[in-house]
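Proteins get letters first, then strands, A, B, ... in listed order; numbering begins at 1 in each.
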Number of protein chains: 2
Amino acid sequence: MIEEYYSKGCQYCSGLSSSIFKSLSSEQYDLLNRKQTCNTYKKGDILYREGSRITGFYCVKSGKFKIYKTGIDYKPQIIAFARTGDITGYRSVLSNEPACTTLEALEDSEVCFIPGEVIFKLIRENPDFSLAIIKLTCKELDHANVFIKDIAQKTVKERLAEILLMLEEYFALDSDDFININLTREDIASIIGTATESVIRILGDLKNERLIELKGKKIKILDKKKIKLIAESILK
Amino acid sequence: MIEEYYSKGCQYCSGLSSSIFKSLSSEQYDLLNRKQTCNTYKKGDILYREGSRITGFYCVKSGKFKIYKTGIDYKPQIIAFARTGDITGYRSVLSNEPACTTLEALEDSEVCFIPGEVIFKLIRENPDFSLAIIKLTCKELDHANVFIKDIAQKTVKERLAEILLMLEEYFALDSDDFININLTREDIASIIGTATESVIRILGDLKNERLIELKGKKIKILDKKKIKLIAESILK
DNA sequence: CGGAACTTTGACACGTCTCAAATGCCGTGG
DNA sequence: CCACGGCATTTGAGACGTGTCAAAGTTCCG
């Protein structure tokens, strides 16, 4: 009975202490569980597209996603990633505007959908929830600003080094100590704003310098200290 | 009496319908007026510095500001501007972290300071106020993401064209139809992430193409349509 | 097994940065 | 009020990083 009750919902959306939902009262928590619905998606599936209307939050139960904007000649610019426990789509819902990014699954995934009206109700009822959302957006805003500075001032190699560190931090390691994410060279290029060939060449350089190891799409950081120095523009 | 009462406060912080304070009740409005204090600053003054602690919001009563992060070799990266009616510093207060940017006056200015505790009180009491802040941060976040895409994918000339349009939109025109802001070539370079000399050369090109007019630091857009096409990567 | 997508390599062109030097502008102090 | 010093602007030459294009090799997946 309890099993069935919770099967609609998602523990990451409501239960984790790290989540923005941690301040909810038990009634609010129940409301959330009742109103949310889960779906599964396959690699390559697009949950929503830039410019479309979205009506609620998406909470990642499992899987990984890339979040991107579309630029000149449909060239994608990856703005962020999402992993288990992350929330996306809130910006557009909260400001009642069309989605400003596209959300695409990087692997098979499960995602909960939380209707916008639930969110607005929670904001009205629970100031701590509002504050949690405010903090979340402020944090993302700072990340975005740091990235603007980096992309404007650093070389491609420095940016690549930085992104490798970010990916390791964000997606952690698999059982062989490789960064636990599969991205194409093109994906990586579209994070740091460069050409696919440049990514390939610089990854090759880093490999020759014995700072990283490559196995297909998998990347392992061998010398984190030096990678950091490169990312900080201290070592060339 | 009334004059004196309001002289502490600032009509832009509390009275304008466009402000985030428009949803305040009359008591909340009074609280805001009682607790805020105004100061004057001179061109070049720094109100707060990246990394320092700030304890409240800054609301611009008059004047103009640049908001920047400091990068490699102390090279500044301008993230945003502030003008009359704008609020800054809220990110750091709301997330209780050190300031992530520096705020510097571009001309003599007046600024109101609103203590953080007032803000938090308003958030607790007034969900509409929370929602206004959330919308504000979401909007800024989207701007930041658009700019990441642009800086990553566009050429210097395209970015410069885009920034000229942004500056005209944001600072409007003076009596001679020039954009109403004085920025050094270096400032402009540090918005779009390029070298000062590149800005000078490309401004010169645009002038020769009769798309803009230059008079010292002042810039006038002569052919907005073509500038837009350049900014959109349609015209080279 | 075949085809499509992805990766790799090379050659080359071009945009942009760097450095250097000259000139112009402006506020400060004599 | 003028002269000075410092800062901003401008211009040129050259180097370098990165993007582009083309072609071949590889991996992935139906």
At 4.0 Å (heavy atoms only), tell me whether A:Thr155 reaches a base, stays on the sugar-phosphate, or touches nothing. sugar-phosphate
Separation of atom CG in A:Leu214 from atom C1' in D:dT27, rounded to whole Å: 15 Å
For A:Glu107 and D:dC28, what is the distance between atoms CD and P respectively, to the nearest whole Å? 16 Å
Just how far, in rounded Å, is C1' of C:dG15 from CZ of B:Arg159? 11 Å
What does A:Lys157 touch in the nucleic acid at a heavy-atom separation under 4.0 angstrom: a base, only the sugar-phosphate, or nothing? nothing
Can you tell whether the side chains of B:Lys226 and B:Glu209 come within less than 4.0 Å, N to carboxylate O? no
Relative to the 5' end of DNA chain D, which residue comes earlier, B:Leu203 or A:Ser198, by the nucleotide with the nearest heavy atom? B:Leu203
Among the nucleotides D:dA22, C:dT7, D:dT9, whichever has the atom closest to the side chain of A:Thr184 is C:dT7
What nucleotide, of C:dC17, C:dA20, C:dT7, holds the atom closest to the side chain of A:Ile200? C:dT7
Using whole Å, report how far CG of B:Asp205 lies from C1' of C:dC14. 15 Å
Using a strict threshold of under 4.0 Å (side-chain N to carboxylate O), is an ion pair present between A:Arg91 and B:Asp142? no
Carboxylate-amine/guanidinium proximity below 4.0 Å for B:Lys157 and B:Asp205: no
Can a salt bridge be assigned to the pair A:Lys218 and A:Asp176 using a cut-off of 4.0 Å between side-chain N and carboxylate O? no
Expressed in angstrom and rounded to an integer, what is the separation of B:Glu186 atom CD from C:dC17 atom P? 14 Å
Rounded to whole Å, how long is the line connecting atom CZ of B:Arg185 with atom P of D:dC7? 19 Å
Do the side-chain N or O atoms of A:Lys217 get closer than 4.0 angstrom to the phosphate oxygens (OP1, OP2) of D:dC28? no
Name the closest nucleotide to the A:Glu197 side chain, picking from D:dA22, C:dC17, D:dG19. D:dA22
Could you tell me how far apart B:Asp108 (CG) and C:dG27 (P) are, to the nearest whole angstrom? 12 Å
Within this structure, what is the CG-to-P distance between A:Asn208 and C:dT8, rounded to whole angstrom? 12 Å
If you measure only the distance, is there a donor-acceptor pair under 3.5 Å linking the side chains of B:Glu186 and B:Thr196? no
Once you apply a heavy-atom cut-off of 4.0 Å, does A:Thr194 come out as touching a base, just sugar-phosphate, or nothing? sugar-phosphate
Distance check: side-chain N/O of B:Arg201 vs OP1/OP2 of C:dT16, anything under 4.0 Å? no
